[in-house]
Amino acid sequence: CMQDRQDMREKIFEARQEFMTEQLQRALDNLIQIRGRIASRIEKATASGRTMTEATTLLAAADAKIAAAQTAIDAFASTTITLPPMMGTSTDMMGSTTPDLTKPRQIAGAAIMAIKDARKALGEVVQAIAHAMGFKFGQDRDHRSEEHTSELQSRFGISHAVFCLK
């Protein structure tokens, strides 16, 4: 009976881990698609004679953060839990052993933060592109720059649900 409980807890952990990994990977895949659009925008602007040095430099930094996010997701996906021995020291009110989820939670938290960092880095690239194209930020921006910034922001949208997961 105790072994069945341990097996059930492991299966629950694995199912939750798989779901979280899929959500994290989906968020990163969205960022990678957005990165492709941003790179295309930089190429078009460069071809039309605009200086995109800052945006290109920031895109390289964003690429490093995307790679770090993928590494963090892979680390979380390969995380395993260790259950205490059947007659271990840690038991809940039902008498079943409880796994220590501290490490998996820390690794998941690191993956979430890595995705947020990549998202922020891509946002900085978008701002650099808008700046290089002459769009102003703040209260003095004109109607056209507001529309363009809104378009870029809508393309940059990502599901917030992943970041709410614990």
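When reading the values below, keep in mind they use all heavy atoms of this one structure, side chains included, and skip hydrogens, waters and symmetry mates.
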Seminar exercise, completed: In this structure, OG1 of Thr79 is separated from CD1 of Ile107 (nearest 0.5 Å) by 3.5 Å

For this session: Can you see which heavy atom on Ala69 is nearest to which on Ala114, and at what distance?
Result: CA-CB, 3.6 Å

Exercise. With Asp29, which residues qualify under side chain to side chain contact (heavy atoms under 4.5 Å, CB included), at least two apart?
Worked result: Gln25, Ile32

Exercise. Roughly how far apart are Lys65 NZ and Leu28 CG, rounded to 0.5 Å?
Worked result: 14.0 Å

Please output the side-chain donor-acceptor pairs of residues 53-60 that fall under 3.5 Å, not counting sequence neighbours, one pair per line with the distance.
unit_1: Thr56; atom_1: OG1; unit_2: Met52; atom_2: O; d: 2.8
unit_1: Thr57; atom_1: OG1; unit_2: Thr53; atom_2: O; d: 2.9

Exercise. So, for Ala72 and Ala111, which heavy atoms are closest and what is the spacing to 0.1 Å?
Worked result: CB-CA, 3.6 Å

Problem set entry | Gap between atom CD of Glu43 and atom OG1 of Thr46 - 0.5 Å precision | 8.0 Å

Exercise. What distance separates Gln70 CD from Ile66 CD1, expressed to the nearest 0.5 Å?
Worked result: 10.0 Å

Exercise. Does the pair Glu124 and Ile129 meet the rule for a side-chain contact (heavy atoms from CB on, under 4.5 Å), with working shown?
Worked result: CA-CA 9 Å; Glu124 291 170 357; Ile129 292 169; over 6 Å; no

For this session: Sorted by first residue and then second, give each salt bridge (charged side-chain N to carboxylate O under 4.0 Å, His left out) pair with at least one member in residues 67-76; sequence neighbours left out.
Result: none

Problem set entry | Any side-chain heavy-atom pair of Arg26 and Thr21 under 4.5 Å | no

For this session: Can you measure from CZ (Arg119) to CG (Asn30) and round to the nearest 0.5 angstrom?
Result: 11.0 Å

Problem set entry | salt bridge (Lys or Arg N to Asp or Glu O under 4.0 Å) involving Asp117 - partner list, sequence neighbours excluded | none

Problem set entry | Shortest non-hydrogen contact between Ile73 and Leu24, atoms and distance | CD1-O, 3.6 Å

Problem set entry | Non-hydrogen atoms of Phe13 and Pro104 that approach each other most closely | CE1-CB, 3.8 Å

Problem set entry | Distance (rounded to the nearest 0.5 Å) between Glu14 CD and Gln17 CD | 7.0 Å

